[in-house]
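In the text below, chain A, chain B and the rest are named by the order of the sequence lines, each starting its count at 1.
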Amino acid sequence: MAISPPTERIWWKEPIARVELIWIVIAFVWGLVMFSMMIYWHGAGEQNLSSEAYKIKPQAFAQKAQTMIDQYTVRQEGGFPVVRPPVGSDVYLIARLWQWWPILELEKDQSYRLHLSSMDWQHGFSLQPVNINVQVHPGYEMVMKLKPNQSGEYGVVCNEFCGIGHHTMVGRIYVVE
Amino acid sequence: MTKPAQFRSCPTTGLRVERSAENLIKANAVAAVVFLAVGGFFGLLVALTRWPAVHFLPADLFYLALTAHGFDVLLVWIIFFEMAVLYFASAVLLSSRLAGPRWAWTGFALMLSGAVITNVAVLRGQSTVMFTSYVPMMAHPTFYLGIILFAVGALIGCCVFFGTLVVAKQEKTYEGSIPLVTFGAMTAAIIAVFTIASGAIILIPTLLWSMGLVTYIDPLLYKTIWWAMGHSSQQINVSAHVSVWYAIAAMVFGAKPISEKVSRMAFLMYILFLQLASAHHLLVEPGFSPEWKIFNTSYAMYLAVLGSMVHGLTVPGSIEAAQRRRGYTKGLFEWLRKAPWGNPAFSGMFMSLVFFGFLGGISGVVMGTEQINLIMHNTLYVPGHFHATVVTGTTLAFMAITYILIPLIFRRELRMKALAKWQPYVFGIGAAGISLFMMGAGTLGVARRHWDITFADAQLPFDYPSAAYLMMGLNGMFAVLAAIGGLMFVVIVVSSVFFGKRLAIDEKPSYPEVPPTARAVGHYGSAESIHIPGTAVLVGIFFIAFVLYYFVNWKYLSEVWPLS
């Protein structure tokens, strides 16, 4: 029994039952398939998070974002500037207690380099209803190439707990034709 | 060391049980159940708040209750119970005295005081930082201090366990190799040492930082090392509850492992590879390379998953083999149909096995896939997954073995047997519902650790799809069911332990009944004669579900915005 010492003293020389052996082979091969899938997706898939990131001081990131906001704000909405940066450009989104700043307006089927960083605590960039979720750290600037493939109004929810106002932290991204 | 160890002989198993080991098992198990009750209560409050129609607590208390819930059940309940399992698997199963019972009591005292200190820090409202306490959000220093004390106490417990293995070997209290269950417990203890070391490396500087003695802790570094503790501690659970499955299979059916070699190799896979899973939490963080993520998140090509899949065959397989020996040979599933479904030790264990595999295991692997994590990270899918592993897996298995420990170790007759018969079903189905509906809500994008999914106070409005509200409502209802199951467990345990009929020194407990032929089954023939077609069908179903669900999620991923 499993609660008493093995009945065969030399248990490591006992043969393995066939059913076990078959299952081990299946499970091992399945593991290899799943392992290869991740590598395969880097070549064939379109959703691979970049590893591009930089250390940055919060003020420096805020300044870069402000430059973009000053240049490309097209209107105001509920106290937020709506920024429409040029296609293919560097786009900055500030995470801070408890806002995603500013509102972005992007063009459908165009690529942008989205920069994310936090001014204070950790936040979670959760683009809804697309359901893309990325962690945002203070002191790190994460850069990813993003290509919206559907037009519409998207919410950016914070999904990393960031204090008492966490559930009020909602941002917005517009994707236009 | 001064007093000679006192032993009694167990009338059921014939094992020699030492007094101090027995007392330590009792103390740790009782402390565990107390914190399960406290943590479970906080869990109920959390679920009621996330049920949109109820929305029970105000925001500050919700986040406070969530912090307490995570700490009390994920860490305190489970580690206390694991200490009981370690002492049981070493001293009792090896008929040995416990090495250094005073050290063990010191460890217990440290764990208890640590748990109390952290709870006080949380309840005073100074440490609402969630269980993960990601920097730079800062808790009160006593929050970290309590966790550190708790961890040091647990480390001492692990050392006592290792010491007991040495003592038993030296004093020749058993012959041959240690039992499989002890081997599994050793796996848990080895992983625990790694876990606690990681915890110390990150929490001690964080404590100093909260006291103003250290100026900066890198948030990414914190997260990397914290999860070497946070995720590895869940691997202690896996090793411990798999051991418990084997133990219950042996105690209820007299089941013998199909092959000692295979089951032990599967545990060895845990020791070698499970700790890489810290990476599961870092798949969408800035800066990690794909190579690093792929190797680590897959436990080096899924070798730890291989271990779990092996246990998934060998545990039910050993039960099937034992049942077929007993004459339940008709068709594929007579052995399972005629299993003692009214025995809470068995029903709890078997549900734990099924839910852990189907709900917890599959979702964990899918979510831990480098790219797929992008559509799940920090959504409710994450707690959905780990409620399947830790609640329907670990907690249910620990509850199940408690029904055996009460007569064997506490020497009390179990009370409220009719209630006990239903308890695992109520709790198991409740917890499985929680897992499923949280995963469902997560798939729809609902954030975890979030007080208000209507965003009523947000500057910019946003709405989740209405199906999300349905999921959260169902989650709340099943949480109530699980809470009732948990309450049933606590009531049964407390009333049996304190008011149950005392068993005489040589009296065999009558419940849960152990089949009379059970012990004879330990000696059946060689491995080639193993015939377990029912289990083969079950793992086949599992495999198909796994493959389908895995690729469905790649399909989901392929539909989101391209990014690179």
Side-chain angles (χ1 to χ4, degrees), chain A residues 1-7 9 11-12 14-17 19-20 23-24 27-28 31-32 34-35 38-39 41-42 45-51 53 78 121-122 124 126 128-135 137-138 140 142 144-149 155 157 159-161 164 167-168 170-172, chain B residues 59-60 93 130 134 136-137 174-177 179-181 219-220 246-247 250 254 256-262 284-287 289-290 294 298 301-302 305-306 309 313 370-371 374-375 377-378 445 447 449-452 455 457-460 462 522 527 530 532 536 557 560-564:
Chain A
M1 287 194 288
I3 52 170
S4 41
T7 40
R9 285 294 288 262
W11 52 266
W12 55 90
E14 278 183 283
I16 298 174
V19 58
E20 278 187 307
W23 182 237
I24 291 170
F28 181 71
L32 290 183
M34 292 192 294
F35 186 75
M38 293 190 282
I39 300 168
W41 200 258
H42 274 279
E46 290 191 299
Q47 292 78 13
N48 291 288
L49 193 59
S50 91
S51 55
W121 292 339
Q122 291 189 33
S126 179
Q128 297 297 338
V130 188
N131 213 1
I132 289 177
N133 303 279
V134 175
Q135 192 82 13
H137 285 258
Y140 287 92
M142 189 178 193
M144 65 183 97
K145 212 164 96 190
L146 203 62
K147 190 171 162 189
N149 58 8
V157 174
N159 69 6
E160 182 57 76
F161 174 67
I164 188 64
H167 47 271
T168 66
V170 179
R172 187 173 292 169
Chain B
D60 56 341
L93 290 187
M130 300 292 129
Y134 291 150
M137 186 184 280
Y174 65 97
E175 287 188 20
S177 306
L180 178 60
V181 170
L220 210 47
Y246 279 113
K256 178 181 182 271
I258 301 172
S259 148
E260 294 277 354
K261 180 163 53 178
V262 169
V284 295
E285 311 292 310
S289 74
I294 290 174
S298 68
M301 299 198 276
Y302 293 101
V305 174
L306 175 67
M309 285 173 79
L313 172 87
E370 189 211 346
Q371 293 92 342
L374 203 61
I375 57 172
H377 175 80
N378 267 2
R449 298 173 165 178
H450 201 280
W451 179 66
D452 179 21
F455 304 99
D457 300 328
Q459 286 168 287
L460 298 168
F462 173 74
I530 285 287
I532 48 168
L557 177 74
V560 309
W561 293 7
L563 77 175
S564 56

Interface moiety of A:Val157 toward chain B, non-hydrogen atoms closer than 4.5 Å:
side chain

Just wondering, more than 12 heavy atoms not from A:Phe28 lying within 6.0 Å of its CZ?
no

What distance do B:Met301 atom CE and A:Phe35 atom CZ have between them, rounded to the nearest 0.5 Å?
5.5 Å

From OH (B:Tyr302) to CG (A:Leu32), nearest 0.5 Å
11.0 Å

Quick one: which of A:Gly78, A:Gly45, A:Pro138, A:Gly124 has the most heavy-atom pairs under 4.5 Å with chain B, could you say?
A:Pro138

Max heavy-atom pair count under 4.5 Å with chain B, selected residue of A:Gln128, A:Arg172, A:Met144:
A:Gln128

Report yes if some heavy atom in the side chain of B:Pro179 is under 4.5 Å from a heavy atom in the side chain of A:Pro5; otherwise report no.
yes

Distance from B:Ile375 atom CD1 to A:Ile132 atom CD1, nearest 0.5 Å?
9.5 Å

Short side-chain to backbone donor-acceptor contact, B:Lys261 and A:Glu14, under 3.5 Å:
yes

Please determine, among B:Ser177, B:Ala447, B:Ser298, the option with the most heavy-atom pairs under 4.5 Å with chain A.
B:Ser177

Based on non-hydrogen pairs under 4.5 Å, which of B:Val305, B:Asp452, B:Val262 is most in contact with chain A?
B:Val262

Using a 4.5 angstrom heavy-atom cutoff, name the option from A:Ile164, A:Ile3, A:Val170 with the most pairs to chain B.
A:Ile3

Can you tell me which portion of A:Trp23 sits under 4.5 Å from chain B's heavy atoms? Options are side chain, backbone, both or neither.
side chain

Is the closest side-chain heavy-atom distance between A:Asn131 and B:Val560 below 4.5 Å?
no

Chain A: which of B:Ser289, B:Pro136, B:Ala536, B:Pro290 shares the most heavy-atom pairs with it under 4.5 Å?
B:Pro136

Can you measure from NZ (A:Lys147) to CG (B:Leu563) and round to the nearest 0.5 angstrom?
12.0 Å

Any idea which heavy atoms bring A:Gln122 and B:Tyr134 closest together, and the distance?
NE2-CB, 3.6 Å

Which answer fits A:Tyr140, side chain, backbone, both or neither, if we ask what part of it has an atom under 4.5 Å from a heavy atom of chain B?
side chain

For the candidates A:Ile24, A:Val134, A:Val19, A:Thr168, which exhibits the highest count of non-hydrogen atom pairs separated by less than 4.5 Å from chain B?
A:Thr168

Please list, chain by chain and in numerical order, all residues satisfying salt bridge (charged side-chain N to carboxylate O under 4.0 Å, His left out) with A:Glu160, sequence neighbours excluded.
B:Arg449

Contact leader toward chain B among A:Ala53, A:Ser51, A:Ser50, where contacts are heavy-atom pairs under 4.5 Å:
A:Ser51

As an exercise: rank B:Val181, B:Leu557, B:Asn378, B:Leu180 by heavy-atom pairs under 4.5 Å with chain A and give me the winner.
B:Asn378

To the closest 0.5 Å, what do you measure between CD (B:Gln371) and CH2 (A:Trp41)?
8.0 Å

Can you check side-chain contact (heavy atoms from CB on, under 4.5 Å) on B:Val284 and A:Leu49, steps first, answer last?
CA-CA 7 Å; B:Val284 295; A:Leu49 193 59; 3.9 Å; yes

Residues A:Glu20, B:Leu313; criterion side-chain contact (heavy atoms from CB on, under 4.5 Å); working and verdict:
CA-CA 7 Å; A:Glu20 278 187 307; B:Leu313 172 87; 3.8 Å; yes

Greatest number of non-hydrogen atom pairs under 4.5 angstrom with chain A, of B:Leu374, B:Leu93, B:Leu306, B:Asp60, falls to B:Leu374

Between B:Glu370 (side chain only) and A:Met38 (backbone N and O only), is there a donor and an acceptor less than 3.5 Å apart?
no

Contacting moiety of A:Ser126, where chain B heavy atoms sit under 4.5 Å
side chain

Between B:Pro219, B:Pro286, B:Ser564, B:Ala458, which has the largest tally of heavy atom pairs under 4.5 Å with chain A?
B:Ser564

Chain B: which of A:Met142, A:Glu46, A:Gln47 shares the most heavy-atom pairs with it under 4.5 Å?
A:Gln47

Could I get the full list of ring-ring contact (aromatic ring centres under 6.0 Å, His included) partners for B:His377, not counting sequence neighbours?
none

Measure across B:Ala250 and A:Met1 and return the closest heavy-atom pair with its distance rounded to 0.1 Å.
O-SD, 3.4 Å

